[in-house]
There are 2 protein chains.
Amino acid sequence: MLTIEVDFGSDRPVYRQIAEQFRGLVARGDLIDGEELPSVRQLAANVGVNLNTVAKAYRILADEGLVDLRHGSRARVLGGARARAPEVEELERELGDVISRLVLQGRGREEVQAFFETAVERFFER
Amino acid sequence: MLTIEVDFGSDRPVYRQIAEQFRGLVARGDLIDGEELPSVRQLAANVGVNLNTVAKAYRILADEGLVDLRHGSRARVLGGARARAPEVEELERELGDVISRLVLQGRGREEVQAFFETAVERFFER
DNA sequence: GTATACTGTCCGCATACAGTATACAATCGG
DNA sequence: CCGATTGTATACTGTATGCGGACAGTATAC
């Protein structure tokens, strides 16, 4: 069974948290082309939110081209090509902020590098 | 003069964008202990927002221990120690999402690593 | 000392967003 | 065809974002 977890204390909206987690699952190949996502009601009950909150997450994924949404049928993972080059700048900015926070925690350049390498490690090795 | 730029089209609230930029300036040492920040009105007029929006950004920085806010005096940068270890998990999650997005753009492990190294480079070498 | 111009703060309002409840519409399986 | 299951649309509540104006502390000139 698919484990999606939500932190209600977070300032990040629930529907984005859900979308992020599915994005991660697709990115690392845990969900492959054609695979069905849980129904919005199923997952909503599981997570403890309203079905529309899950639906909103699915729509984000659909907009990104990660899943195929069809009214009446279950959402399916799309293995096809995606891109979104314009978001590169956004990622750079986001990374910059992460670096700032790490530095303000007292970490030096080496430690920041190590932190990043560990993150990449965790993502790919599993 | 200090350059703070805001993207009104972004989905990220303006006051957070402002806080992030100051956080970056402090992290890389462009703003040092004791230095004064622009007044909320000055910066607000400069950026094109209401003074309260800037004030909210300053309060975030104050909560993080980066600036000293005193009613009637200008906000000053605090060079002292900060930490916030609990936010490490948040950073890890955020990094994980960045990796997912890069991978979904078709980048492999090496390319993700390179992207990160470039970001670190940009931060420290300047 | 005190008038005055500066500083950040508080309060109320308008609008947009997050999340819910409920009804609707499309698809699937008998 | 019909019921169950799926995603969708609408109406509603609470919260967050951002603005405007009034308030309160601080600094400086006199």
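In what follows, every chain begins at residue 1, and chains take the letters A, B, ... in the order their sequences are listed.
For Tyr15(A) and Tyr58(A), the ring centers sit 6.0 Å or farther from each other.
Scanning all heavy atoms of the two residues, the minimum distance from Leu61(A) to Ala19(A) falls at CD2-O, 3.5 Å. Minimum interatomic distance between Asp33(B) and Leu78(B) (heavy atoms only, all atoms of both residues): OD1-C, 3.6 Å. Summarising the geometry of Ala75(B) relative to Leu69(B), their closest heavy-atom pair is CB-CD2, 3.6 Å, with the distance given to 0.1 Å. Taking each heavy atom of Arg107(A) and Phe115(A) in turn, the nearest pair found is NH1-CD1, 3.8 Å.
Using a 4.0 Å heavy-atom distance criterion, Arg70(B) is classed as a sugar-phosphate-only contact.
Residue Arg101(A) forms a side chain to side chain donor-acceptor pair (under 3.5 Å) with just one option from Glu87(B), Glu90(B), Glu20(B), and that option is Glu87(B).
The side-chain heavy atoms of Leu43(A) and Ile18(A), taken from C-beta on, include a pair separated by under 4.5 Å. The side-chain heavy atoms of Leu37(A) and Leu2(A), taken from C-beta on, include no pair separated by under 4.5 Å.
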message: In dot-bracket form, 5' to 3', how is DNA chain D paired? Count Watson-Crick and G-U wobble pairs only if both distances fall under 3.5 Å, and write | where the partner sits on another strand.
response: ||||||||||||||||||||||||||||||
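One interatomic measurement links the two molecules: CG of Asp68(A) to P of dG7(D), which rounds to 12 Å at whole-angstrom precision. For the pair Asp63(A) CG and dT8(D) C1', the interatomic distance rounds to 14 Å; values are reported in whole Å. Rounded to whole Å, atom C1' of dT8(D) lies 9 Å from atom CG of Leu51(A). Spacing between atom CD of Gln42(A) and atom C1' of dA4(D) amounts to 14 Å, rounded to whole angstrom units. Atom CD1 of Ile60(A) and atom P of dG7(D) are 16 Å apart (whole Å). Rounded to an integer number of Å, the gap from CG of Asn52(B) to P of dG8(C) is 11 Å. dG19(C) atom P lies 7 Å from atom NZ of Lys56(A), rounded to whole Å. Straight-line distance from the CZ atom of Arg59(A) to the C1' atom of dC17(C): 15 Å, rounded to whole Å.
Comparing Val40(B) and Arg41(A) along DNA chain C, the residue whose closest nucleotide (by nearest heavy atom) sits nearer the 5' end is Val40(B).
Annotation: proximity of residues 15-25 of chain B to DNA chain D (heavy atom, distance under 4.0 Å) is found for Tyr15(B), Arg16(B), numbered in ascending order.
Of the possible polar contacts, none joining the Thr53(A) side chain to the Val49(A) backbone as a donor-acceptor pair under 3.5 Å is found.
The nucleotide whose nearest atom lies closest to any side-chain atom of His71(B) is, among dG25(D), dT17(D), dG20(D), dG25(D). Checking dA18(C), dT20(C), dT7(C) against every side-chain atom of Ser39(B), the shortest atom distance belongs to dT7(C). With dT8(D), dT6(D), dG8(C) as the choices, the nucleotide that has an atom nearest any side-chain atom of Leu69(B) turns out to be dG8(C). Closest to the side chain of Asn50(A), out of dC24(C), dC10(C), dT20(C), is dT20(C).
Expressed to the nearest 0.5 Å, how far CG of Asp30(B) lies from OG1 of Thr3(B) amounts to 9.5 Å.
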N/O-N/O pairs, protein side and nucleotides 27-29 of chain D side, under 3.5 Å:
none

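A donor-acceptor pair shorter than 3.5 Å can be found between the side chains of Arg74(A) and Gln42(A).
Taking the centre and axis of the six-membered ring of Phe123(A), the NZ or CZ atom of Arg28(A) falls inside the cone set by 45° and 6.0 Å.
Thr53(A) has no side-chain polar atom (N or O) that falls below the 4.0 Å cut-off from OP1 or OP2 of dA18(C).
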